[in-house]
Protein chains: 2
Amino acid sequence: MSKCEQCIVRQFSSLKALNKDELLRMAECKTSYTIKKGEPIFEEGEVTNGIYCIKDGVCKLSKLSDNGKDQIVKLVKPGELLGQRSMISDEPANLSAVALEDMEVCFIPRSEVMQFFTQNNQFSMNVMKTICEDLKGADDHMVNMAQKTVRQRLAETLIYLEDTFGKNDDGTLRIQLSREELAGMIGTATESCIRLLSELNKSTYIELIGKKIKLLDKNKLKRLT
Amino acid sequence: MSKCEQCIVRQFSSLKALNKDELLRMAECKTSYTIKKGEPIFEEGEVTNGIYCIKDGVCKLSKLSDNGKDQIVKLVKPGELLGQRSMISDEPANLSAVALEDMEVCFIPRSEVMQFFTQNNQFSMNVMKTICEDLKGADDHMVNMAQKTVRQRLAETLIYLEDTFGKNDDGTLRIQLSREELAGMIGTATESCIRLLSELNKSTYIELIGKKIKLLDKNKLKRLT
DNA sequence: AAAAATGTATGACAAATATCATATTTTGAT
DNA sequence: ATCAAAATATGATATTTGTCATACATTTTT
């Protein structure tokens, strides 16, 4: 059982507001998990009974649509918390969380978090602000989905992926999504996504190196959006 | 200056948690407005400095997209509060609020609400739950925008409008949206919206009576979605 | 009441996107 | 290392949706 006090990612989440005492209590009741790429942390409809703190690795939050396609709503990085909304609403998860890379996460039981929540004003304020950010992000995202073309959404998403998760040494996107997952982010058919990538490749906006993607001219891409 | 204590719509919002004392204070600092149909309550980017309580009338929350079209994110009914996210995030409004009917609203200054927020735990919990509901709604809405066809979204929206705002005596939708606004809700071009309405009209899913819309077979419509 | 402005409707067409088929490449299991 | 399965790629085609033009209806202004 490692000490939460010394955990670096905690500093990036709402948990940074916890005091020494609370951190000790959390260290005692938390459970650490390793999640392999492709495995779920929780699924849509599941009762989560606590929140997850992402220590390492990236996961996708997605929802299965009636047409059988999985729409990715958000990608979540180390330092972020999962399951805050469910905890506050006291509802099952609205989205599935699946690892895009091998992950390390800590589970903190609902009872404990709720205690911090009512006792520690700064913590609850942090959680609230995070949810407010998510709401703003979701509203903006919705407008993009409704008003922009697939090509625009693809260009935007590629830029977002580079800005948020960075590049490998060879300049390709560090985060590795399958074509299907990328299609799930921009909300289109996998074939359409692949076709548009080919097109952007031919017109030297990007370079496709196997399954990897390298942005060649971010400004040119930005002009597409 | 009317008494908040006796205001009925308060019972439907987070404000129901306020005690007598707080209600008296609120009654003293609030400002009442009447807003005519088509007028804004606030605009995207505006610093709101407080929240609005909708006493009467319906308004739309929308965001201007880069393509010049106004995407409607949500419709807001009496009893709901506006500007909660901006207040908590301490940011300008992310959406514009424009009256769809003549409205009566009360403005409560930020300073006052924040006081309730820190003093009255039930109130802050209510606000938080509302924002969580909004987040869930926005995520679901986003998935629909990304994965469903315009026809499906139109059918869904028509059902939502009848279920949420009811019917007139002649069976037509009580809430009166222009074709452009309806298009703004489903995220499509006005002409496409009009064309699909015509189509639904011809195939007796709905009946168009002037600018009004009457749902003829809700179950048949539901099967479209 | 007439004229102008706005909103609704429809046709014609172009562009965007989905679907289905199939080929090729890559990955994973044995 | 080989085979099967999965992922990626591309062509052909159908469908959906957007755009532009124009007509008609309704509302507002003068």
Side-chain angles (χ1 to χ4, degrees), chain A residues 36-39 65-71 98 100-102 144-158 172-173 175-203 206-214 224-225, chain B residues 36-38 65-71 98 100 144-158 172-173 176-203 206-214 224-225:
Chain A
K36 289 246 170 286
K37 178 177 178 173
E39 284 177 359
S65 179
D66 298 335
N67 62 6
K69 285 185 188 163
D70 213 39
Q71 174 68 33
V98 174
L100 290 176
E101 316 169 332
D102 291 349
N144 279 343
M145 286 298 178
Q147 297 290 348
K148 300 205 168 174
T149 65
V150 174
R151 171 186 271 94
Q152 289 175 317
R153 268 141 53 197
L154 173 58
E156 246 174 31
T157 302
L158 291 173
T172 57
L173 296 181
I175 185 99
Q176 182 98 353
L177 295 172
S178 69
R179 301 294 191 251
E180 190 179 1
E181 283 168 332
L182 188 55
M185 279 197 78
I186 66 183
T188 190
T190 306
E191 297 96 318
S192 298
C193 175
I194 290 174
R195 215 180 295 277
L196 285 170
L197 282 173
S198 284
E199 213 181 86
L200 290 179
N201 183 36
K202 273 173 200 146
S203 40
I206 66 175
E207 187 186 350
L208 296 178
I209 306 172
K211 309 197 173 188
K212 298 199 168 185
I213 301 171
K214 184 178 184 173
L224 281 184
T225 69
Chain B
K36 289 244 169 290
K37 178 176 177 173
S65 178
D66 298 337
N67 62 6
K69 286 184 187 162
D70 213 39
Q71 175 67 33
V98 174
L100 290 175
N144 279 344
M145 286 298 177
Q147 297 290 348
K148 299 205 168 173
T149 65
V150 175
R151 170 186 273 95
Q152 289 175 318
R153 268 140 53 197
L154 173 58
E156 247 174 31
T157 302
L158 291 174
T172 59
L173 295 181
Q176 181 98 353
L177 296 171
S178 70
R179 300 295 191 251
E180 190 179 0
E181 283 167 332
L182 187 55
M185 280 196 76
I186 67 183
T188 190
T190 306
E191 296 96 319
S192 298
C193 174
I194 289 174
R195 212 180 296 276
L196 285 170
L197 282 174
S198 285
E199 211 181 87
L200 291 179
N201 184 36
K202 272 173 201 148
S203 40
I206 66 174
E207 187 186 351
L208 297 177
I209 306 172
K211 309 194 174 187
K212 298 198 167 186
I213 301 170
K214 184 178 184 174
L224 280 184
T225 70

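Since we're looking at a predicted model, the values are computed, not measured. Here is how names work: the chains are called A, B, and so on, in the same order as the sequence lines, proteins then strands, and each is numbered from 1.
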**Asked** From D/dA9, D/dG18, C/dA18, pick the nucleotide closest to the side chain of B/Ser192?
**Response** D/dG18
**Request:** Let me know the distance between CG of B/Leu200 and P of C/dT10, rounded to the nearest Å.
**Result:** 13 Å
**Message:** Counting distance alone, no hydrogens or angles: does the base of D/dG18 have a donor or acceptor under 3.5 Å from a partner atom on the side chain of B/Arg195?
**Reply:** no
**Request:** Please identify each residue that fulfils side-chain hydrogen bond (donor to acceptor under 3.5 Å, both in side chains) with B/Thr190, with sequence neighbours left out.
**Result:** none
**Request:** Find the distance B/Leu208:CG to D/dA25:P and express it as a whole number of Å.
**Result:** 15 Å
**Asked** Within the distance-only criterion (no hydrogens, no angle test), does the side chain of A/Asp102 pair as donor or acceptor with the backbone N or O of A/Lys37 below 3.5 angstrom?
**Response** yes
**Request:** Could you work out which one of D/dT8, D/dG18, C/dT19 sits closest to the side chain of A/Lys69?
**Result:** C/dT19
**Message:** What contact category does A/Thr149 fall into here, base, sugar-phosphate, or nothing, at under 4.0 angstrom with non-hydrogen atoms?
**Reply:** sugar-phosphate
**Request:** Tell me, with the steps shown, if A/Leu100 and A/Glu181 meet side-chain contact (heavy atoms from CB on, under 4.5 Å).
**Result:** CA-CA 10 Å; A/Leu100 290 176; A/Glu181 283 168 332; 3.3 Å; yes
**Item:** Distance in angstrom units between B/Glu180 CD and C/dA9 C1', rounded
**Value:** 15 Å
**Item:** Between C/dA9 (C1') and B/Ile213 (CD1): distance, integer Å
**Value:** 14 Å
**Request:** Could you give me the CA-CA distance, side-chain angles and deciding distance for A/Lys69 and A/Thr188, then say whether side-chain contact (heavy atoms from CB on, under 4.5 Å) is met?
**Result:** CA-CA 9 Å; A/Lys69 285 185 188 163; A/Thr188 190; over 6 Å; no
**Asked** Are the side chain of B/Asp70 and the backbone N or O of B/Gly184 linked by a donor-acceptor pair below 3.5 Å?
**Response** no
**Message:** Counting only side-chain nitrogens and oxygens, does B/Thr190 get under 4.0 Å of the OP1 or OP2 atom of C/dG7?
**Reply:** no
**Prompt:** In terms of side-chain heavy atoms of B/Ser178, which of C/dT17, C/dT8, D/dT8 is nearest?
**Reply:** C/dT8
**Prompt:** Would you say a side-chain N or O of B/Thr188 is under 4.0 Å from OP1 or OP2 of D/dG18?
**Reply:** yes
**Message:** The side chain of B/Arg179 is closest to which nucleotide in this list: C/dT19, C/dA9, C/dT10?
**Reply:** C/dA9
**Message:** Closer than 3.5 angstrom, by distance alone: can the side chain of A/Arg153 be matched with the main-chain N or O of A/Met185 as a donor-acceptor pair?
**Reply:** no
**Asked** Counting only distance, no hydrogens or angles, is the base of D/dT17 paired donor-acceptor with the side chain of B/Arg153 under 3.5 Å?
**Response** no
**Message:** Without decimals, in angstroms, what is the distance between A/Leu196 CG and D/dA9 P?
**Reply:** 12 Å
**Complete:** Sorted by position of nearest nucleotide on DNA chain D, 5' first, the leading residue of B/Glu191 and B/Gly210 is B/Glu191
**Prompt:** Rounding to a whole Å, what distance do you find between B/Ile209:CD1 and C/dA9:P?
**Reply:** 12 Å
**Asked** Atom CG of B/Asn201 and atom C1' of C/dT8: how far apart are they, to the nearest Å?
**Response** 13 Å
**Length of the CD1-C1' vector between A/Ile186 and C/dA18, whole Å** = 13 Å
**Bend angle of the helix from C/dA1-D/dT30 to C/dT30-D/dA1, end axes from five pairs each (to 10°)** = 50°
**Request:** Decide yes or no on side-chain contact (heavy atoms from CB on, under 4.5 Å) for B/Leu200 and B/Leu158, but give the supporting numbers first.
**Result:** CA-CA 11 Å; B/Leu200 291 179; B/Leu158 291 174; 4.1 Å; yes
**Asked** With sugar-phosphate meaning primed atoms plus P, OP1 and OP2, does A/Lys148 contact a base, only sugar-phosphate, or nothing at under 4.0 Å between heavy atoms?
**Response** nothing
**Message:** Side chain of A/Lys211 only, heavy atoms from C-beta on: which candidate in D/dA9, D/dA7, C/dT19 is closest?
**Reply:** D/dA7
**Prompt:** So does A/Glu180 have more than 12 non-hydrogen atoms from other groups sitting under 6.0 Å from CD?
**Reply:** no
